[in-house]
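Report on one structure; see the data block that follows.
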Amino acid sequence: MSMIEAREESNKDDQAANGTLDDKKEIEEEDLEDDDKPPPKKAKKDKKTEPKPAKNKSDDDDDDDAEVARKLQESEKGLRKRKQPAKRTPKSTPKKTTGEKSRTGFGKMMVLSPDLAKIVGADQMARSDVVKKMWQIIKERNLTDPKDKRFHICDDELLKVFGKKRVQTFSMMKYLKQHVKDPSLIT
């Protein structure tokens, strides 16, 4: 704080030596004599908050008191009604009656390796169906690790597919992806 006060005093001394300090004081004194108060700031008008002009009395006869109160409140707060979205009519397209949906992504039919096909019992299956079938097999054969339920212990048949004796059940697709191939990529 003392450094700041010392700087201010040195600035005043410099200004007094230059003669600029007296000029500023004279200008400030003249301004204060002319205008004791600063000019008031003009308030901006907000169109949203301004009340609407009053209606004729003949118009008010049609509206009941509740409606008038609601309109006044809306005009004071600048509220407006929500616009309802236009109702869309569905396009009339003929539905497929073939009975089978087109499968894409994880639901797409994949070609299984011979080892995996022997376990699940099909040559082609969707990835999600392969995982479901593997869960069924693990539960049927009671292969869950008793020490840690997140893992399963592979028997001889599953050992050919997974390549490890103990596999984390929730990440089994990491090992199965080598045995599941996209038919469009196989030539």
Side-chain angles (χ1 to χ4, degrees), residues 43-53 55 59-60 62-187:
K44 293 183 179 178
K45 292 184 180 180
D46 192 6
K47 292 182 180 180
K48 291 181 180 179
T49 57
E50 285 184 15
K52 293 181 180 177
K55 295 181 180 179
D59 293 338
D60 288 337
D62 297 333
D63 298 332
D64 59 340
D65 291 338
E67 184 69 21
V68 172
R70 186 187 60 78
K71 287 181 180 179
L72 275 172
Q73 186 178 13
E74 283 179 3
S75 65
E76 287 176 359
K77 292 187 177 182
L79 300 176
R80 47 192 155 117
K81 293 181 182 179
R82 282 189 176 178
K83 293 182 180 178
Q84 296 294 329
K87 292 183 180 180
R88 294 183 182 180
T89 56
K91 294 180 180 178
S92 59
T93 56
K95 293 184 179 180
K96 294 180 183 177
T97 57
T98 57
E100 189 173 320
K101 297 179 183 178
S102 62
R103 294 178 154 211
T104 59
F106 290 109
K108 186 177 181 180
M109 296 302 281
M110 302 297 233
V111 176
L112 306 180
S113 70
D115 293 333
L116 185 59
K118 185 179 176 185
I119 293 171
V120 296
D123 292 334
Q124 288 190 346
M125 241 185 205
R127 293 176 209 202
S128 57
D129 295 336
V130 171
V131 173
K132 286 178 188 177
K133 187 69 174 175
M134 292 304 293
W135 271 98
Q136 284 178 352
I137 291 168
I138 291 167
K139 288 179 182 177
E140 286 173 3
R141 297 180 186 177
N142 197 19
L143 298 175
T144 307
D145 189 0
K147 293 179 183 175
D148 193 350
K149 303 286 183 184
R150 295 176 298 170
F151 292 88
H152 69 268
I153 312 263
C154 296
D155 58 2
D156 294 335
E157 200 174 13
L158 292 178
L159 189 60
K160 292 177 186 175
V161 175
F162 288 108
K164 289 178 118 182
K165 187 69 178 167
R166 186 172 182 249
V167 177
Q168 192 171 6
T169 310
F170 285 104
S171 61
M172 78 171 85
M173 197 59 197
K174 176 170 64 173
Y175 301 102
L176 293 176
K177 70 180 178 183
Q178 300 168 2
H179 299 277
V180 177
K181 302 293 179 189
D182 190 357
S184 64
L185 298 177
I186 298 174
T187 54

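Sequential numbering from 1 along the given sequence is applied to the chain's residues.
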Could you tabulate the donor-acceptor pairs under 3.5 Å formed by side-chain atoms of residues 131-143, not counting sequence neighbours?
| unit_1 | atom_1 | unit_2 | atom_2 | d |
| --- | --- | --- | --- | --- |
| Arg141 | NH1 | Asp155 | OD2 | 2.9 |
| Arg141 | NH1 | Glu157 | OE1 | 3.3 |
| Arg141 | NH2 | Glu157 | OE1 | 2.9 |

Please tabulate, for the side chains in residues 109-124, all donor-acceptor contacts under 3.5 angstrom to protein atoms that are two or more places apart in sequence or on a different chain.
| unit_1 | atom_1 | unit_2 | atom_2 | d |
| --- | --- | --- | --- | --- |
| Ser113 | OG | Leu116 | N | 3.4 |
| Ser113 | OG | His179 | ND1 | 2.9 |

Please enumerate all residues that pass ring-ring contact (aromatic ring centres under 6.0 Å, His included) together with Tyr175, with sequence neighbours excluded.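 Here no residue qualifies.
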What pairs of residues pass the salt bridge (charged side-chain N to carboxylate O under 4.0 Å, His left out) test when at least one of them lies in residues 165-184, not counting sequence neighbours? Lys108-Asp182, Asp145-Arg166
Calculate, to the nearest 0.5 Å, the distance between atoms CZ and CD belonging to Phe162 and Gln178 respectively. 11.0 Å
Quick check for you: to the nearest 0.5 Å, what is the distance between Arg127 atom CZ and Asp129 atom CG? 12.0 Å
For Thr169, give me all partners under side chain to side chain donor-acceptor pair (under 3.5 Å), at least two apart in sequence or on another chain. His152
For the student: nearest non-hydrogen atoms of Gly107 and Ala126, plus distance: O-CB, 3.6 Å
Between the side chains of Lys71 and Glu74, is the shortest nitrogen-to-carboxylate-oxygen separation below 4.0 Å, so that they form an ion pair? no
